[in-house]
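Below: the structure, in structure tokens.
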Amino acid sequence: MIELTARQLKIVDIVKKQAPITGEQIAENLGSSRPTIRSDLSLLVMLEYIDAKPKVGYFPGRKAAGGGDGGDRIREAKVRDIQTVPIIIRETTTIQDAVVTLFLQDVGTLIICDAEGRLTGVASRKDFLKVTLGNPGSASMPVSMVMTRIPKVVTTSPDEPVLEAAHKMIMHEVDSLPVIKADPEEAGGRPAIVGRLTKTAIVQLLLDIEMTR
């Protein structure tokens, strides 16, 4: 495998950030001249780190855009890139209906919101198991009786790096995180739900990166 020089790595970074960009503009960014970097550009095009289009300039190549270093891709990935649709129920939903939803949707945790769609808590399979064992009257109880409430709910945001969100999951021993977008001027500052991040989505990201390396 060919190891890129520091200058070649810098060229790839410039192209990724400023594409489309001409060879002269790349050289100017490097404080160099076009002839000096000609061989670097040719090598990078050949290795598919950058791509060249006549009369337009240079663009990120296949490796720079998605098939390059897997470590870079996982470090750069944001929650918004892999978040999925949240499974939401109301606080007034009965535990019986919540458990049915849990299994029909094949999820480990349910996100609980108020009538305005603002996050109020979460409830996991473990929560439901604890309250239903030996308690025949639990089926008709509202889910608000067993949920973990704000502010104890661990959350993430669309702009948080996936690695940081994964660290939260491990530290708090949860299988998913509500993805929130807080608006302090609405609903008393309670966060609005915009998605959910699951361990499955993170594993799928790792597999996708490995498959394209």
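Model, not experiment: these values are computed from the prediction.
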Can you establish whether the number of heavy atoms outside K199 located under 6.0 Å from its atom NZ is more than 12?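 Yes.
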CD of E28: more than 12 outside heavy atoms within 6.0 angstrom? no
Heavy-atom donor-acceptor pair, [X] side chain to [Y] backbone, under 3.5 Å:
| X | Y | value |
| --- | --- | --- |
| T155 | V179 | no |
| Q18 | V15 | no |
| D81 | K78 | yes |

Do the side chains of [Y] and [X] get nearer than 4.5 Å, heavy atoms only?
| X | Y | answer |
| --- | --- | --- |
| L110 | F128 | yes |
| L119 | I111 | yes |
| M169 | T156 | no |
| I193 | R118 | no |
| K16 | P60 | yes |
| Y58 | I26 | yes |
| P142 | T92 | no |
| P158 | Q83 | yes |

Under 3.5 Å, which donor-acceptor pairs link side chains of residues 93-102 to any protein atom two or more places apart or in another chain?
unit_1 : atom_1 : unit_2 : atom_2 : d
T93    : OG1    : R90    : N      : 3.3
T93    : OG1    : R90    : O      : 3.1
T94    : OG1    : D97    : N      : 3.1
T94    : OG1    : D97    : OD2    : 3.3
T101   : OG1    : D97    : O      : 3.0

Answer with yes or no whether the hydrophobic clustering places [X] together with [Y]; edges join I, L, V, M, F, W, Y residues whose side-chain heavy atoms lie under 4.5 Å apart.
| X | Y | result |
| --- | --- | --- |
| I150 | M147 | no |
| I89 | V122 | no |
| M145 | V131 | yes |
| V174 | V162 | yes |
| F59 | L44 | no |

Verify whether one side chain among S33 and T36 offers a donor that lies under 3.5 Å from an acceptor in the other.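 There is such a pair between these side chains.
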If I compare all heavy atoms of [X] with all of [Y], which pair ends up nearest, and what's the gap?
| X | Y | result |
| --- | --- | --- |
| V153 | G121 | CG2-CA, 3.8 Å |
| I11 | L41 | CG2-CD2, 3.8 Å |
| R196 | T198 | NH1-CG2, 3.2 Å |
| T109 | S124 | OG1-CB, 3.9 Å |

Salt bridge check: are K168 and E160 linked by an N-O gap of less than 4.0 Å? yes
Distance in Å, [X] [atom1] paired with [Y] [atom2], rounded so as to fall on 0.5 Å steps:
| X | Y | atom1 | atom2 | result |
| --- | --- | --- | --- | --- |
| R80 | D159 | CZ | CG | 5.0 Å |
| R34 | I37 | CZ | CD1 | 6.0 Å |
| K126 | D175 | NZ | CG | 10.0 Å |
| T84 | L197 | OG1 | CG | 7.5 Å |
| I14 | R7 | CD1 | CZ | 11.0 Å |
| T200 | L205 | OG1 | CG | 12.5 Å |

Can you list the residues that meet the side-chain hydrogen bond (donor to acceptor under 3.5 Å, both in side chains) rule with D13, with sequence neighbours excluded?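 Scan of D13 (side-chain hydrogen bond (donor to acceptor under 3.5 Å, both in side chains), adjacent residues dropped) gives K17.
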Could you please spell out the steps behind the side-chain contact (heavy atoms from CB on, under 4.5 Å) verdict for Q8 and L43? CA-CA 9 Å; Q8 290 164 353; L43 178 64; 3.4 Å; yes
